[in-house]
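Report on the following structure.
We count residues from 1, following the sequence as given. Every heavy atom of this structure was used, including side-chain atoms; hydrogens, water molecules and symmetry mates were not. First listed ligand is number 1; within each ligand, the first listed atom is number 1. Everything quoted here is computed from the prediction, not taken from an experiment.
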Amino acid sequence: MATELPNRKLLAVLRGQKLDVPPVWLMRQAGRYLPEYRELRAQKGGFLKLAYDSDAACEITLQPIRRFGFDGAILFSDILVVPHAMGQDLWFETGEGPRLAPKLSENDWHDFTPAPERLEPVYETVRKVRAALPAETTFLGFAGSPWTVATYMVAGQGSKDHAETRALAYSDPVKFGELIDAITATTIDYLSKQIEAGVDAVQLFDSWAGSLSPAQFERWVIAPNAAIVSALRERHSDTPIIGFPKGAGAKLVAYAREVRPDSIGLDETIDPVWANASLPEGLPVQGNLDPLALIAAGEALESAVARILAAFENRPHIFNLGHGILQHTPIAHVEKLLNLVRGG
Ligand code: CP3
């Protein structure tokens, strides 16, 4: 499906090319730090309404591309549409975050009625964005990885140390494994359909991979992500996959070797010099500026950017944050960052 255009730089790096000036995009680049996002959100009445309205979601995906000319556009949606499609109720409490019900610590997901039609507007968004995106912009789809999605399904909301989910994984690994397998199957189908609708590459967000012990990490992070990567590669061999196991630390090396993503996302706790020395030669990396250095700007930003660029000088590299851009980030700091990376 993905037709490689020579000027789609981010896609070229995902395929292993090293560029002198790394392509740039920012996780959560469409969102609350942008006045044009806040305006549309107020008009439409909430985040989830935006995510399921393909015209609004297309417009929001394009907003940061128009404003900053990022090299990548990421589909505007959320990782929690997958549990919604598996039949759990989903809503967002203002100022608090996501809620999923009934929660799995007290209920069995087998009792839910699957609702795959809930994902149809997302595929519609992909088709609309593909048609509207500048030819040189790489279009990224995404999904949450099974462990991270499971932490929300089990607790019914975000949780600091994911204790309920880790407890279930230890006390009933068979039942928990069935849940992970079901999320894995839904995710493979969901990402395949995003690819068929027109994304160039996909990112797997394992935002809470860092809460697991090494043996649990093997079982609930590495195994399901490896299953997703191999299934997608079988169906869509020319669509690169970015794995982002946030908080994995030194376990990134095993993740790279066993999951075999086309590229690996690094969070801001990873020393870029260590990553460059430790990860397989030639493996494209993405990251990893601390979102707080972007808020601080000045010398803190300049030295952090310089350190990242120097560390990855001899490796395919996509410049990004180590996690999502924060709501209070000034627009002028994003412009400054682009100048620092692109030498403008
Ligand atoms: O990167 C992008 O711009 C693409 C869109 C995107 C969103 N969420 C939009 C969103 C992506 C890739 C995500 C991923 C996501 N969603 C993750 C993994 C990455 C990460 O941030 O660690 C997780 C854990 C979620 C679940 C989620 N969605 C939470 C916990 C929250 C509430 C916290 C918050 O920031 O308000 C959301 C809401 C959400 N998802 C918003 C956006 C733009 C904010 C919605 C709003 O209030 O307008």
Looking at ligand 1, does His323 have a heavy atom less than 4.0 Å from it?
no
contact_flag Ala30 ligand 1 heavy-atom lt 4.0 Å
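Contact present.
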Students should be able to answer this: which protein heavy-atom is nearest to [atom], and at what distance?
atom: atom 5 (C) of ligand 1; value: Ser77 O, 3.6 Å
atom: atom 47 (O) of ligand 1; value: Arg41 NH2, 2.7 Å
atom: atom 23 (C) of ligand 1; value: Ile79 CD1, 3.4 Å
atom: atom 42 (C) of ligand 1; value: Phe47 CE1, 3.5 Å
atom: atom 32 (C) of ligand 1; value: Pro98 CD, 3.8 Å
atom: atom 21 (O) of ligand 1; value: Arg28 NH2, 3.4 Å
atom: atom 34 (C) of ligand 1; value: Arg32 NH2, 3.1 Å

Please determine if [X] has a nitrogen or oxygen closer than 3.5 Å to a nitrogen or oxygen of ligand 1.
X: Asp78; result: yes
X: Ser207; result: yes
X: Trp208; result: no
X: Tyr152; result: no

Between [X] and [Y], does the ring centre distance come in under 6.0 Å?
X: Tyr152; Y: His162; answer: no
X: Phe47; Y: Tyr37; answer: no
X: Trp147; Y: Phe217; answer: no

Looking at Gln29, which atoms of ligand 1 are within less than 4.0 Å of one of its heavy atoms?
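Answer, ordered by atom number: 3 (O).
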Taking only heavy atoms of Leu75, which atoms of ligand 1 are found under 4.0 Å from at least one of them?
4 (C), 5 (C)
Of the options Arg118, His84, Glu120, which is the one that meets Tyr52 in a side-chain hydrogen bond (donor to acceptor under 3.5 Å, both in side chains)?
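Only match with Tyr52 under side-chain hydrogen bond (donor to acceptor under 3.5 Å, both in side chains): His84.
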For the backbone of Leu34 and the side chain of Arg67, can you confirm whether one donor and one acceptor N or O come within less than 3.5 Å of each other?
no
Considering only NZ, NE, NH1 and NH2 on the basic side and carboxylate oxygens on the acidic side, decide whether [X] and [Y] come within less than 4.0 Å.
X: Asp206; Y: Lys246; answer: no
X: Arg8; Y: Asp71; answer: no
X: Asp200; Y: Arg130; answer: yes

How about Glu96: does its CD atom have over 12 heavy atoms from other parts shown lying under 6.0 Å from it?
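More than 12 heavy atoms, drawn from other residues, nucleotides or ligands, come within 6.0 Å of this atom.
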So which heavy atom on Val273 is nearest to which on Ala311, and how close?
N-CB, 3.9 Å
Have a look at Phe244, Phe76, Phe92, Phe142 and point out the one with the heavy atom closest to atom 31 (C) of ligand 1.
Phe92
Is Leu337 close to Leu289 at the side-chain level, that is, under 4.5 Å between some pair of heavy atoms?
yes
Contact partition for Lys246 relative to ligand 1, non-hydrogen atoms under 4.0 Å
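None of Lys246 does.
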